[in-house]
There are 2 protein chains.
Amino acid sequence: METLIKEPTTRNAKNTFNMIIESAINLFYKNGYHGTTVNNITQEAGIAAGTFYLYFPSKLSLYKHILIMFSHNIRRTIAANVAEKVTRYEKEREGLKSFIMLAKENPQMYNIIWESLYIDRALFKDYYESFAKRYIKGLNNSVKREEIRALDTEVVSYILMGVANFIGLKVVLDLGDNNDDIEHIVDVYMDLIKHGLFQ
Amino acid sequence: METLIKEPTTRNAKNTFNMIIESAINLFYKNGYHGTTVNNITQEAGIAAGTFYLYFPSKLSLYKHILIMFSHNIRRTIAANVAEKVTRYEKEREGLKSFIMLAKENPQMYNIIWESLYIDRALFKDYYESFAKRYIKGLNNSVKREEIRALDTEVVSYILMGVANFIGLKVVLDLGDNNDDIEHIVDVYMDLIKHGLFQ
DNA sequence: ATATAAAATGAATGGTCATTCAGTTTGTGA
DNA sequence: TCACAAACTGAATGACCATTCATTTTATAT
């Protein structure tokens, strides 16, 4: 409906388009969606306010565009890294590690995706449900191959997604003491899901 | 600074005060902080706009007040329920179950706490760090008693908090298929952290 | 009953922004 | 070099909304 974006064609226009997106990503991260005005964005991008509306019909449509870009990016990156691994154990390790590294290198991404819960709940749901769907498929395969135990894979997928997200949060927000070595965190996690918590 | 609330003294004033809070909780949940106006709140509470400012110096101060109320509530409830259990295994089970039930019975609470990440990041950090601190203490005790393995308890605390939060999210947002029986979810979780994921 | 303070009112204010549009500049193809 | 379209400009518009304040109502204590 409102989400139609006028994709630029010429070299210069493409440049402007990308500047808008880049500026918006940084400002949304720093000040949040509601704390960022269209004028902030255009100023940061070095263009006039009106130029914004040549490409995006509204501030919200820009936000949605960025969100969709990011979610493709995350899924693609993680899927590619995980596909290189063979065993479920290695896949699990790689999945968490890729996610945390993405979050750390690109905290804007992490932040903007979570904020969608308060801007467009449907987008948020779509994102996590389709993420979960893929995850569940992978887990089901591993159950068939008898690599992992036959637990309810839907519940397991949400448990493991929860872990990744919260650790991502910890890394992004510098929660806790935080000299956090990603390898160390991933090691603790793998130890936990391999041997369990209890003696 | 801005957070000073004028606590009401008389019976009627207390009533008004509570109506403001109750209306705000529901509206913040339904439409988010930014999607809720002070006039919405006062209308819902059946009072005049100006009355709001007899008790709260600003919209933000009301939000903070609600957030603090909730975080006390959560901590108190979970701590009380967990304290009744003896073994770490039982405490862990009770902690997750209490949290999910709180989230389900009171989705506003869950939602408003997470939104704080986009409204007042310092409050959010405080909340989770102090929650984690307590959790870590409990885990450390259990390590000493040789109930659980000697993992890095800070990392473990964030892992387990992540699980609780994401499952809470799933329940609140109706993510996935969702005939979710809380007992079932908790069982899967306990199985996972008891026996691990792998064969 | 009266005085006094506490509560409540709601229209008005002022600031903030997303969005528009009439006009200008830039690039390109003939 | 000219004309035409595509890009761009930025001041103006109008809606929205937190907050104020002069005034009125209500409750209480004497």
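A, B, ... follow the sequence lines: proteins, then strands. Residue 1 opens every chain. Just the heavy atoms: all of them, side chains too, but no hydrogens, waters or symmetry mates, feed the values below. All values reported here derive from a predicted model rather than from experimental measurement.
- Nucleic acid contact for A:Tyr55: sugar-phosphate only, since backbone atoms but no base atoms lie under 4.0 Å from a heavy atom of the residue.
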Starting at the 5' end of nucleotides 21-30 of chain C, put B wherever the base has a protein heavy atom under 4.0 Å, S where only the sugar-phosphate does, and a dash everywhere else. B-----S---
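- In the set C:dT9, D:dT9, C:dA18, the nucleotide with an atom closest to the side chain of A:Thr37 is C:dA18.
- Here the nucleotide nearest the side chain of B:Ala49, chosen from C:dA8, D:dC8, C:dG10, is C:dG10.
- Taking the six-membered ring for Trp, A:Tyr110 and A:Phe70 have ring centres at least 6.0 Å apart.
- The nucleotide whose nearest atom lies closest to any side-chain atom of B:Lys59 is, among C:dA18, D:dT19, D:dG10, D:dT19.
- Within 4.0 Å of A:Thr36, counting heavy atoms only, lie sugar-phosphate atoms of the nucleic acid but no base atom.
- Side chain of A:Ala13, nearest nucleotide from C:dA18, D:dA7, D:dT19: D:dA7.
- Taking the six-membered ring for Trp and thresholds of 30 and 60 degrees, A:Phe166 and B:Trp114 have ring planes more than 60 degrees apart, a perpendicular arrangement.
- Residues A:Arg93 and A:Glu183 are paired through a salt bridge, judged by an N-O separation under 4.0 Å between the basic side chain and the carboxylate.
- Each of A:Ala48 and B:Asn39 lies near DNA chain D, and the nucleotide nearest A:Ala48 is the one positioned closer to the 5' end.
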Step by step, would you call B:Phe17 with B:Leu54 a side chain to side chain contact (heavy atoms under 4.5 Å, CB included)? CA-CA 9 Å; B:Phe17 184 81; B:Leu54 294 178; over 6 Å; no
